[in-house]
Protein chains: 2
Amino acid sequence: MVQYYQGQFDSSFGALSDATRRGVLEQLAREDASITALAERFQMTLTGMKKHVGVLEQAGLVTTEKVGRVRTCKLGGRGLEEEAAWIERYRQLWSARFDELDAVVEELKRKEKKARSTNEK
Amino acid sequence: MVQYYQGQFDSSFGALSDATRRGVLEQLAREDASITALAERFQMTLTGMKKHVGVLEQAGLVTTEKVGRVRTCKLGGRGLEEEAAWIERYRQLWSARFDELDAVVEELKRKEKKARSTNEK
DNA sequence: CCTATACTGAACCACATGGTTCAGTACTAC
DNA sequence: GTAGTACTGAACCATGTGGTTCAGTATAGG
């Protein structure tokens with residue numbers, strides 16, 4: 001089950017690791033766009049933009065459809081649910097880890113206090 | 001402000017785009033570990049693992065400290081807060097986009113219904 | 001039919017990535 | 001002091017990435 005998602009996470013996090021692609025996603029969240037429109041907005045050749053769109057498509061984050069000579073790009077069916085869940089789960093482990101440390105610190109404080117009060121006797 | 005995070009997102013999402021590194025993070029959430037321990041667990045040379053740890057360190061997700069000959073790796077101070085926030089914001093844009101479509105579909109349905117009832121008259 | 005537009009694909013480039021081996025260096029323990 | 005452990009760094013390798021140019025193909029519009 002965990003294994004199943006591995007490849008998906010590789011490609012989706014990989015897709016998100018580029019500023020241009022994150023920008024394209026945000027742009028497409030506003031409105032669908034052609035390759036030409038995206039290429040202009042991000043100051044890049046058509047070919048370059050097409051590659052980025054390809055990466056996003058592979059990751060399942062974008063779908064495209066060609067009508068006539070125009071290929072229109074839209075947000076894909078996946079909305080980063082699993083990725084959000086992975087990060088959320090990690091954040092829980094992460095904070096549990098720090099709570100644990102906090103507990104240790106608390107424990108030390110308590111011992112210190114006890115020692116001090118013992119000395120004071 | 002948005003600009004500020006760009007590089008950080010590049011490196012953190014980049015770090016997350018590799019299954020081994022995600023595994024290391026999960027492992028470190030359980031307990032701190034040496035390079036050797038991690039290398040064994042993920043069946044890799046020390047040098048290879050050290051590179052992965054370096055990437056995670058660069059991304060601010062892991063910190064390391066060398067005591068004697070052993071370098072111990074721990075989870076870093078950052079806990080993917082900004083990344084979670086970015087994804088959450090994107091998911092909102094994403095679902096807003098689909099709600100919009102739903103609205104259009106609803107609109108069409110209403111028109112269709114109206115047209116039908118008009119025909120029926 | 002002709003021209004401009006929109007994309008596509010192949011080829012190339014420099015540089016990054018994920019891994020390795022090999023030859024150190026530095027510390028631990030007997 | 002010597003043997004083994006733990007890491008480190010340089011060098012190498014294959015493959016991937018982010019971009020380009022250039023030469024197409026296919027469609028739209030007059």
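Chain letters run A, B, ... following the sequence lines, proteins first and then strands; every chain starts at 1. From a predicted model like this one, the values you see are computed outputs, not experimental measurements.
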Rounded to the nearest 0.5 angstrom, the CZ-CG distance for B:Arg21 and B:Leu16 is 8.5 Å

Next item on the list: Please determine if a side-chain N or O atom of A:His52 lies less than 4.0 Å away from the OP1 or OP2 oxygen of D:dG19.
Entry: yes

Margin query: Does D:dT20 have its OP1 or OP2 closer than 4.0 Å to a side-chain nitrogen or oxygen of A:Thr47?
Written below: no

B:Phe42 CZ to C:dT20 P, in whole Å, measures 14 Å

- request: Just call it for A:Gly48: base, sugar-phosphate, or nothing, with non-hydrogen atoms closer than 4.0 Å on any strand.
  value: base

Indicate, with a heavy-atom threshold strictly under 4.0 Å, whether B:Leu46 touches base, sugar-phosphate, or nothing.
-> base

From NZ of A:Lys51 across to P of C:dC13 the rounded distance in Å is 14 Å

Assign the ring pair A:Phe13 / B:Phe13 to parallel, tilted or perpendicular, where the plane angle (0 to 90°) is split at 30° and 60°.
-> parallel

Within the structure, does a side-chain N or O atom of A:Lys66 lie under 4.0 Å from either OP1 or OP2 of C:dT8?
-> yes

note: B:Gln43, atom CD; C:dG19, atom C1'; distance rounded to Å ~ 14 Å

Review point. A:Glu81 and A:Trp86: side-chain donor and acceptor closer than 3.5 Å?
Key: no

On DNA chain D, more 5' by nearest nucleotide between A:Val67 and A:Thr20 is A:Thr20

Review point. Is the shortest side-chain N/O distance from B:Arg71 to OP1 or OP2 of D:dT8 below 4.0 Å?
Key: yes

Of all heavy-atom pairs linking A:Ala33 and A:Ala37, the shortest is CB-CB, 4.3 Å

If you look at every strand shown and take non-hydrogen atoms under 4.0 Å, does B:Ser34 touch a base, only sugar-phosphate, or nothing?
-> sugar-phosphate

The residue, B:Thr72 or B:Arg69, whose nearest nucleotide of DNA chain D is more 5′ is B:Arg69

So what does B:Lys50 hit on the nucleic acid, given a heavy-atom distance under 4.0 Å: a base, only sugar-phosphate, or nothing? sugar-phosphate

